[in-house]
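First the structure, in the form of structure tokens, and then the observations on it.
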There are 2 protein chains.
Amino acid sequence: MSGVAATGISVLLVDDHPIVRQGYRRVLESQGDLHVVAEADNAADAYGAFKAHDPDVVLLDISMPGASGLEAIRNIRARSPRARILVFTMHNEAVLVKAAFGAGASGFVTKSSEPSAVVTAIRSVARGERAMSDDIAHILAEDSLSAGSALDQLGEREIEILRQFAGGATTEQIASHLNLSVKTVQNYHYLIKTKTGARTDAQLVRLAASRGLTRI
Amino acid sequence: MSGVAATGISVLLVDDHPIVRQGYRRVLESQGDLHVVAEADNAADAYGAFKAHDPDVVLLDISMPGASGLEAIRNIRARSPRARILVFTMHNEAVLVKAAFGAGASGFVTKSSEPSAVVTAIRSVARGERAMSDDIAHILAEDSLSAGSALDQLGEREIEILRQFAGGATTEQIASHLNLSVKTVQNYHYLIKTKTGARTDAQLVRLAASRGLTRI
DNA sequence: TTGCTGCTCGGGCAATTTTCCCAAGCCGGA
DNA sequence: TCCGGCTTGGGAAAATTGCCCGAGCAGCAA
């Protein structure tokens with residue numbers, strides 16, 4: 001019912017860089033069993049292309065500017081639960097990986113992976129299996145040992161403090177805004193970091209921004 | 001004297017993502033007159049590959065983790081002033097572009113460019129001309145009109161450190177990536193904050209993100 | 001050539017912050 | 001009632017920051 005031929009795997013390519021897209025296309029098509037049936041350069045077009053071509057696998061770069069790739073995943077999965085989405089990005093942060101799987105992705109590979117690993121992942125995902133590259137597995141494993149899930153585990157106060165912090169407020173400003181002692185804000189700051197698994201403030205800001213807690 | 005055939009343009013490909021490299025290779029080779037004679041996945045190997053193959057053009061992604069791509073440019077140019085280096089990256093911040101040209105690059109194209117524009121740029125650079133994609137020209141033009149942002153006051157080392165910091169790297173990671181002492185990275189961190197006027201790390205991340213130094 | 005200037009690199013050290021561990025009050029649920 | 005989680009903060013050692021400094025080196029101008 002899907003794809004081009006009974007013997008091939010049809011792929012929808014979503015990446016905002018034309019030449020990168022074209023590169024993938026050629027790499028995949030050289031495999032013989034993989035066929036790129038459509039391309040999209042942004043999250044918004046991704047679902048339209050999906051509907052039009054019903055591919056076996058969506059190869060999706062979630063580091064597109066502006067629109068959230070996670071949005072695209074959720075979008076496609078909401079309307080076509082059988083869609084297989086393989087996320088392909090240069091980012092390798094645990095929170096991102098988990099968010100992608102949480103949104104409905106079937107696999108996650110980094111751009112540092114060998115082309116053969118990507119091709120293997122595409123075939124796995126097409127068979128309905130879950131796939132991820134070795135480095136991603138490593139990161140998730142480490143992450144599961146240490147602590148963290150993402151922002152969902154934060155309390156109301158923690159979310160508010162994280163929002164103000166990510167917005168650029170100093171500890172003193174947050175304390176006075178919320179009528180707290182500086183010490184309490186510092187303690188929250190530390191708690192938020194441990195809960196989210198962020199190792200630096202920058203990671204915290206990125207996390208908050210990627211989840212819509214703050215705009216940049 | 002250089003390249004493979006008298007009628008072709010030989011290219012050295014430097015990018016840290018294997019599949020992206022392979023994609024470029026196929027795109028370029030399909031042109032007929034372009035031949036990828038070598039690849040490298042980091043700045044350190046780039047010069048060795050250059051020496052070994054003496055390519056007409058080096059296609060270099062300067063957004064590689066750790067090592068500064070600018071370093072690679074200067075490295076190659078210092079030993080082989082006739083080298084033609086085409087910088088190819090997803091970043092489009094004016095300071096980066098200027099730094100690249102300042103380091104000796106012959107051209108600058110973004111990954112948002114059409115493949116045909118990249119190919120055209122390679123041919124221009126091989127002829128000894130300067131080349132840049134339309135969006136880069138636009139950015140430089142606008143930049144020359146505007147009074148200059150806070151980021152323009154930063155040196156290239158500072159830019160590189162800010163990029164890695166905003167990307168979520170810890171001080172230790174940056175230090176080891178760049179072969180610097182932790183103390184030096186800390187000093188740069190402080191200097192960057194004072195130069196840009198950022199009072200918190202979060203503000204620094206926001207600044208970097210808003211200027212395209214990092215994506216969120 | 002000499003000097004100046006700017007970038008890079010790091011030491012030093014006091015002040016501040018971070019990192020953890022802890023306790024206490026409050027509130028909702030079992 | 002008791003338990004667990006949230007909120008609020010103290011304490012103290014470890015780490016980082018803020019700001020000062022000097023050295024090396026490249027470019028550049030006089």
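Order of the sequence lines fixes the chain letters, A, B, ..., with proteins taken first and strands second; residue numbering starts at 1 for each chain. Note that the structure is a prediction, hence the values are computed from the model and not measured.
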Task: Lys/Arg-Asp/Glu bridge criterion (N-O < 4.0 Å) met for A:D61, A:R21 - done: no
Task: Sugar-phosphate, base or nothing in reach of A:E160, heavy atoms under 4.0 Å - done: nothing
Task: Residue A:D134 excluded, over 12 heavy atoms near CG under 6.0 Å - done: no
- [ ] Map B:V182 and A:Q186 onto DNA chain C by nearest heavy atom, then report which one ends up closer to the 5' terminus.
- [x] B:V182
TODO: Round to the nearest Å and state the distance from B:R157 atom CZ to D:dG24 atom P.
DONE: 19 Å
Task: For atom CG of B:D201 and atom C1' of D:dG18, their distance in whole Å - done: 13 Å
Open item on the list: What is the separation between atom CG on A:L191 and atom P on D:dT7, rounded to the nearest whole Å?
Closed with: 10 Å
Task: Nearest-angstrom distance from the residue atom OH of B:Y190 to C1' of C:dT8 - done: 17 Å
Task: Sugar-phosphate, base or nothing in reach of A:T184, heavy atoms under 4.0 Å - done: base
TODO: Verify the contact: side-chain N or O of B:S181 to OP1 or OP2 of C:dC9, cut-off strictly under 4.0 Å; return yes or no.
DONE: no
Open item on the list: Tell me the interatomic distance from B:Y188, atom OH, to D:dC20, atom P, rounded to whole angstroms.
Closed with: 18 Å
TODO: Compute the centroid of each ring, for A:Y24 and then for A:F88, and state whether the two points are separated by less than 6.0 Å.
DONE: yes
Task: Under 3.5 Å donor-acceptor pair, A:N187 side-chain atoms to C:dC20 base atoms - done: yes
Task: N/O donor-acceptor pair, side chain A:K183 with base D:dT7, under 3.5 angstrom - done: no
Open item on the list: Rounding to an integer number of Å, can you tell me how far A:R199 CZ sits from D:dT16 P?
Closed with: 11 Å
Open item on the list: Within a 6.0 Å radius of atom CZ on A:R199, are there more than 12 heavy atoms belonging to other residues, nucleotides or ligands?
Closed with: no
- [ ] Rounded to the nearest angstrom, tell me the gap between atom CG in B:N179 and atom C1' in C:dC9.
- [x] 13 Å
Task: Selected nucleotide, minimal atom distance to B:E158 side chain, candidates C:dT8, D:dG18, C:dT17 - done: C:dT8
Task: Spacing of A:I159 atom CD1 relative to D:dC6 atom P, expressed in whole Å - done: 12 Å
Task: Any B:K193 side-chain N or O less than 4.0 Å from OP1/OP2 of D:dG18 - done: yes
TODO: Look only at the side chain of B:E114 and the backbone of A:P18, and say whether a donor-acceptor pair between them is shorter than 3.5 Å.
DONE: no
